[in-house]
Structures are given as structure tokens and as C-alpha cells.
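Just so you know, these numbers use all the heavy atoms, side chains as well, and skip hydrogens, waters and symmetry mates. Just so we're on the same page: letters track the sequence lines, and every chain starts at 1.
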Amino acid sequence: MKYNHRIIEPKWQKRWEEQQIFRAEDNSDKPKFYALVEFPYPSGAGMHVGHIKAYSGLEVISRRRRMQGYNVLFPIGFDSFGLPTENYAIRTGVHPRVATDENIKKFTAQLRRVGFSFDWSRTVDTTDEKYYKWTQWIFLRMFEHGLVFRDKALVNYCPSCCVVLSNEDSQGGKCDICHSDVVQKSKDVWYLRITKYADRLLGGLERVDYPPNIKQQQINWIGKSTGAFADFRLVGTDDSLRIYTTRPDTMFGATFMVIAPEHPIIEKYKDRIKNLDEIYAYREECAKKTEFERTQLAKEKTGVKIEGLKAQNPLSGRTIPVYIADYVMMGYGTGAIMAVPAHDERDYEFARKFGIEIIEVIKGGDISKAPYIGEGEMINSGFLNGIKTVKEAVAAAISKLEELGVGCGGVQYKMKDWAFNRQRYWGEPIPIIHCNKCGMVPVPYDELPLVLPPVDNFEPGEGGESPLAKIEEFVNCKCPRCGSGAKRETDTMPQWAGSSWYFLRYLDPDNDRAFADPDKLRYWLPVDWYNGGMEHVTRHLIYSRFWHKFLYDIGEVPCDEPYDKRTAQGLILGPDGEKMSKSKGNVVDTNDVVEEFGADVLRLYILFMGDYEKAAPWSESSVRGCKRFLDKVAALPGIAKGQGVTPALDPKFHKTIKKVSLDIEEMKFNTAIAALMTLLNDINEHGALTIDELKIFIKLLCPFAPHLTEEIWEELGGEGFLSLAAWPEYDEAKTVDEQVEVAVQINGRLRGTVMLPLDCPRDEALAIARADEKIAPMLAGVNIVKEILVPNRIINFVVK
RNA sequence: GCGGGUAUGGCGGAAUCGGAAGACGCGCCGGAUUUAGGAUCCGGUGGGCAACCGUACAGGUUCGACCCCUGUUACCCGCACCA
């Protein structure tokens, strides 16, 4: 067969599209399978091979599922709101809407050229007002249920992008988009109360099939710790300072307290503080530091003693000094700690530097040299003395605190509420109206979508105001509640909003009465298999689980967890082994590969290059190897004749069907393809195969190389589309050989091999091995101490 | 620092349960074909002349270890003064 990918690939793409063969049915007797891939951000740079890898895994699985008789939903869409497009607009003056439409067109063309079996009738675009109407709708439902609040807060602010960032977007003190240093700034911030769902986001992980590393990352991100709150009375006042600790058992060893530089107690008692100037100076110094410097560079403990404030330890009754120091963060716990230098490294370091007393309360270490963190008998601790385990001592301390009414057991999370606004144009407008009389009033549901007004200038305002604030006709409005003059919120939602629920919209993308029809939600949910990148494991994945759980709580979706199973593909590195990036010039463009080698080769190589879940460098010569393989496949019809099976090849076919079937399920695509290559080599060695066998071969290859295999199928006179033909079955009995080659070892060293019938009885097998012409001389005159037989595998003689 | 992971030929990577290490592909070497190059086809390819030696390093368990145990090193990812 003549194999010209430039002709056959467009031919089959056109036929699939005309016949709509990858369209999912909303009601079907077949079992359903919902495969989800992370929809792309349509950037101006176009698609690189990494995108293709991200979709290829579930592409193969979806194609196999269809051949297995499933009703498969494999949708695609575009996550189009976001900064790169807006920055492009600022630079060039091209409206984000125009740029987005162009980029979507470009991405669509590229995806179609690769021949993905997406259901193109369900495409969504998060920037389409018919889509973001429902993003706003969900936001308002959250508002209604008290999950949205506004607060003045110190926020992560990127001075370059002029935008407020969530903790997730400013990891390491760098802006996730432009990588400049993030500074702290006081701003009005919209929050989503994700912390209310912290425990359920944690608990839900036990019921889903995610790889352990993904679960661990989410667990770390949520960061639950259990401990206790305790109130330390401020001497000479009726007030007390509340602390959080995971080690209430060590409270008798607390010899000082530390509060965060921003702690409000300073302002409250500034009249009592004698060294206020010193403290203000310290606080200012801290504010200048970025979060990054504060956490990474400031290894040396710094701080100032607050003269004039003393606190009383609620259990020991001891009066202790209070320090201000930046090793305590306002954002975690209560912003105040009790310091137990004998049993905490940071407190130990601080106490040493400031000459504060260190009291040992757990036996087992040498506190003159280092803090002791381990278990041991409690000492110097009043009613706790003699207790030998941390667990018991913690419980005893907490019940005492509760009895005295000065504390209680409690939990803390590292996860913070989700800062949900950006001072940017290219996002969903937050549908809230500020009225002087009524306060924050939601835009009525029947006025949704609240459409982004057209603007000419996309530059953020001074101090990071949204460009929307400059548009009077947008800002000025009537309060929906009292009718008086009011102002619209001008901030927009963050990029993560639209992607938090897109998998629901695929189920009913054109619905204008609901985000999706309940029957369709019931039919398709949950997502059976979700694949995406590791970089989205702590952000998008947690956010979307949170939204889904909320929708479940208000009865809008039928299940609590959106994704049954999650996997993550590894990166494709550049040919130089480095992460692909424009600046390094090592980006491989999909169009170039499709043009030169064809979509089938591209798809095949991407899955053959290595473990799907691991990173691997691109190699053009290896791409050629895949091309060679498909060329050889294209030649098979030339040697195929007759029907039925070829006895010499039949067991190999059964083995290959089994291996390919099982490997695909485990995403071991590389070994599945290797098995097909091996089978091809066997066929060519034999020199012939039957038409029936060739049909099996191309069915197995179809999910990987659908265009070529469809072409061969047509040439063979196959009925309908190969893409919808039945997946081959194998006979387990035929996957095992009747004769097996068994290795013979002497003292664990390979000395020869013997051919044995399958499951040969022990005595017979050993006798044959002993009599083997190579083995027999080596056993002559030695003493056989032990004979080991692993059936069908190995024989080992232990001799002396 | 804490948590997770990885380490196998010149390269990407294989190896159900502890049972013949290096499947498959690339590259390389030799040959055929070709005016030549490319492409294609055939053969070879962990190291060593050999006995043997080889899965990051040092030990251990075992008839037998890439696989299990102890220790070490290097690299990658995530979190990071989380009280």
C-alpha cells in the first residue's frame, strides 16, 4: 500500500467529522465513559508537542473504549480568560476577544490535524458570555450561601502585573505569571471560603483513585494539624493573648511568647509599651521584606522584646515576657505562639540568642546542647509529671485547659481562603453592586450574564485598579434592592474560575436555562478518568473539587467528588534535555512534525518515547523509527492472504492482544507499542499472515495510529469505520506456549537451557536437566545439595 | 530542614511473585543495492581475548536480588520559620 500521510490523514479526519462518529450520546444503553483532559489556554504561541502528550493518553483509552462498546464522552474546550492575552492586548492594542478567537481557531486547526477523537459538538470557551453567565451564577449561589466575603487584608501583590495574587499564584514569593517579586499590600479582597471545605477536601481523597504523590501534595497543601488553643492573660489587663500549639503537653516549658509583627495587640496596648519606637522600627523592617526573604533568607532569628507587656502561663501560672519576631506569621494559627525552647528548634534558637531561660519538661535529651523533640517522661510540669507519652500528655493538658476555661482542642490548616479578585479586564466581572444603603447586593440572576463592557485601554489603573473602573456607564447603576444610585464592582474573577466547573458544561454546553440539565448530569457524572499536568494538582484540582462539593451541597450535582480517577502525564523536554521554552529555542511545534512525518507518527512517538507519567527528551531520530514502523505496517497488506489463523503466529497474536489491552489500561503505552513492533517483526520473519490476522493487528494499532489503520481497513474491505469496530478478544489458553525454554543454573549461575513441556512435573524436569549434554558433565563428581525448580522458569542445582 | 520520587548499555527505556538483566526503538559497526548521497533491505551491537564482570555506592538476607533489609551519595519534584 502506498502510505502518504499528507493524503490519507486529511481524508479520514474529514470522514470522521462528516459522519460525526465521535459524538457522545446523552442517552444510551451502552455503558458510559467520561474521559476528561485539561482544556488548553489558547495562547498566541500555538500548540507544542507537550499539549499533544497531555491529550494522547486518554485519546488512546477513549478510542479503545469505543471499540469496546462504550458510549464515550471525550470533550475539549478553551480556558481563554487570563493575563497573557490581556498583556498582549496592552502591548498591541488587539482586543482580547479578537486575539482569543484567533487563537482558538489556530488551536482547533492544530488539534484536528492530529486526529483526536474529541466530540467537537460540545466545545466550550470560558470567555463566551453564554458560558461565563454560569460562572457568575455559581459565584452568586456561593454568595447566597455565605461562602463569599470581602475583607481588607495584606495580599500578595505583583507590582509588575498590577494584580493581587493568591498564595497559590505566588509560590516562592514570585509572581506565577511574570516571575517578579511579590510584595505585601493592603487591599480590599474578595474571598471564597474554601477553608470551610478543608476537611471534606481531605476526606474525599480517601474515596478517589489518584496516584499517591498527587494525594500527598493535596494533603500537604491543605496542611491540617491538630493541637490546642490557649489564652495567656496579659498581666495587668482583663485581656488575654490566644495562641495555637500542636504541643500543649509542653506548656509548663513555655518561658516566653512571640507574636507576629502585624499582631493587633501592639496597637491596642501601645500606651503601655515603653519601647514602642523600637517595635515600630522592627515592624517596618519586616514589612519591607518580601515573603520570600522572610522565609528563605532570614535563617538568623530576629525580634524585639516588648517592654511593658507580660503574659501569664495559664497552666504554670508563671509570668513570662512577650517578644515580637518575624518567625511567627500572622497568617497561620492566631499569629501568636507560646515558646518552649527546650523542645522546639526555632524557640531554642531564639532563646539562645536572647538569653531566655530554657526549662526541660520532657526527659530524654540534653537541652544544654539541643532542643529535644522526642517522647519521654514529663517533668517540671505539675499535674502532667510522670506521663510517658506525648499523646496522653496532650490529652491531659487539653482537658485541663478546658476545665479552667482558658483553652480548647483545635485544628489548623495551612490552606487559606481563596483570594478571588483581580484588577484586570480579561476575566468574568464579579456580579456584585455596592450600594451605600444596602451594602453588597448581588446582581439579580435574571440580569446574568453581566457582560464585560468594551474598552479601548486595557492598562490597569494606578495602584492596580481594574480597567473597568474607568467606564462610567458600567460602574454607575441602580441598586437592585432600593433603586438608589450605586456602583458596580469592577474587579474580575481569577483565571481559575472558569476552569473550576468546565467539565459540567460539556454535558450540556448550549443550555441557557441551567448550567447543565440534571438528567445529563446524573447520566454522565462523575468523570471516569481525568488526566492533566502535575502543575495543576494543588490549584485547579483543589479549586474544582471545592466548587463541585458546593454544587453537591446545594443539590445541583449528583455526586460529591467530581473525578473518580486522576493521572498526570510527564513533560516532554526539548532535544537538549531542558524544559521546553521559547527563550531556550527548544520548542518542538506540532505542525512541523505533522507536516514532515504525519499525525500518526507524532502520536505514536509521543506515547512510545518513555513512561507516560515521566519526563522524557524529544528525539527526532526516534521519531523516524516510528515512521519506519508505520511504513512497514503499510506494507503488510502486500503479504496478507487467506482467512483464518497462521499456526506459527497465532499464539503471538493472542499474547499481543492481551499485552496491548492490559498495557493501555495502565497507561503503559510504550510497552504496548513495543509489543506491536515485536509482533510485526515476527510477522515479517514468517513472511506472511492472513487477512483476518492483519485486521486484528490494525485494530490493536488503531488507537495509536488511527489514520493509517482506517486506510488499511478500507483497503481490506472492512465494514464501517475501524474506529468503531470491535476490540479483539484473546484466548487465555492460547497465550501460553506448549513448550517452554527453562534456564538451568548451577549455584545460581546460568549454565544452559532445556526445552520442557509446559508445567512439566518436577522429577521429570530435573531428570531432563541433569541429563542435558551441557549440564551432565558439570554435575559429574559433585555433590548435589539441593535442587530448586520454579515451574516453567528456572532450575537451580546447588552443589558442593 | 520536612515530605514524595528517581538512579539500568553510547541514548530513550524494558524486566508479573525474588527466578536467563538490557524487550522495543534510536544510535553505531559491517554487508547488499546505488554513479554518489539519502532511503531501503540483511547481519551484528553492555564490558572483557578469556575465565568472568556488570542495574548509583558500601554492606546484609537468599539456592538465586534491578527487585527485600541497613547505611551512603547524587539528581528531580512538592512544601518550607505552619508553632
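- Remark: RNA chain B takes part in the stems B:1-7 with B:73-79, B:10-12 with B:24-26, B:27-32 with B:40-45, B:56-60 with B:68-72, each of 3 or more antiparallel Watson-Crick or G-U pairs, criterion distances under 3.5 Å.
- Side-chain atoms of N220(A) lie closest to G3(B) of the nucleotides G3(B), G12(B), A20(B).
- If you take atom P in C52(B) and the same atom in U61(B), they sit 24 Å apart, rounded to whole Å.
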Under 3.5 Å, which N/O atoms of the protein pair with N/O atoms of nucleotides 36-38 of chain B?
none

Taking N or O atoms only and anything under 3.5 Å, show me the protein contacts with nucleotides 61-65 of chain B, one pair per line.
| unit_1 | atom_1 | unit_2 | atom_2 | d |
| --- | --- | --- | --- | --- |
| C63(B) | O2' | N796(A) | ND2 | 3.4 |
| C63(B) | O2 | N796(A) | ND2 | 2.4 |

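- Among the heavy atoms of the strands, none lies under 4.0 Å from A675(A).
- Among the protein residues, E741(A) comes within range of the nucleic acid bases, having at least one heavy atom under 4.0 Å from a base atom.
- Counting any heavy atom pair closer than 4.0 Å across all strands shown, D611(A) reaches sugar-phosphate atoms only and no base atom.
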Which pairs, protein N/O on one side and nucleotides 25-28 of chain B N/O on the other, fall under 3.5 Å?
| unit_1 | atom_1 | unit_2 | atom_2 | d |
| --- | --- | --- | --- | --- |
| G25(B) | OP1 | N681(A) | ND2 | 3.2 |
| C26(B) | OP1 | R628(A) | NH1 | 2.7 |
| C26(B) | O2' | S621(A) | OG | 2.8 |

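- Taking only side-chain nitrogens and oxygens, R793(A) comes nearer than 4.0 Å to OP1 or OP2 of A20(B).
- Between G9(B) and G18(B), the distance separating the two C1' atoms is 24 Å to the nearest Å.
- Here, C66(B) and A15(B) have their C1' atoms 9 Å apart, quoted to the whole Å.
- Sequence neighbours left out, not one pair with a member in residues 740-761 of chain A passes salt bridge (charged side-chain N to carboxylate O under 4.0 Å, His left out).
- At least one side-chain nitrogen or oxygen of K668(A) sits closer than 4.0 Å to the OP1 or OP2 atom of A15(B).
- Within the 4.0 Å cut-off from OP1 or OP2 of A83(B), not a single side-chain nitrogen or oxygen of Y244(A) is found.
- Checking side-chain atoms of Y730(A) against main-chain N and O of A733(A) turns up no donor-acceptor pair under 3.5 Å.
- The phosphate of A51(B) has neither OP1 nor OP2 within less than 4.0 Å of any side-chain N or O from R749(A).
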Handout entry: Y244(A) vs S225(A), side chain to side chain donor-acceptor pair (under 3.5 Å): CA-CA, chis, key distance, verdict
Key = CA-CA 10 Å; Y244(A) 175 73; S225(A) 85; 2.8 Å; yes

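- Between A65(B) and A20(B), the two P atoms lie 12 Å apart (nearest whole Å).
- A distance of about 36 Å separates the P atoms of C69(B) and U45(B), rounded to the whole Å.
- The ring-ring contact (aromatic ring centres under 6.0 Å, His included) pairs that include a residue from residues 603-632 of chain A are Y605(A)-W618(A), Y612(A)-F669(A), where partners are two or more places apart or lie in different chains.
- The gap from the C1' atom of G12(B) to that of U62(B) amounts to 34 Å, rounded to the nearest Å.
- In this structure, H5(A) contributes its side chain and E595(A) its backbone to a donor-acceptor pair below 3.5 Å.
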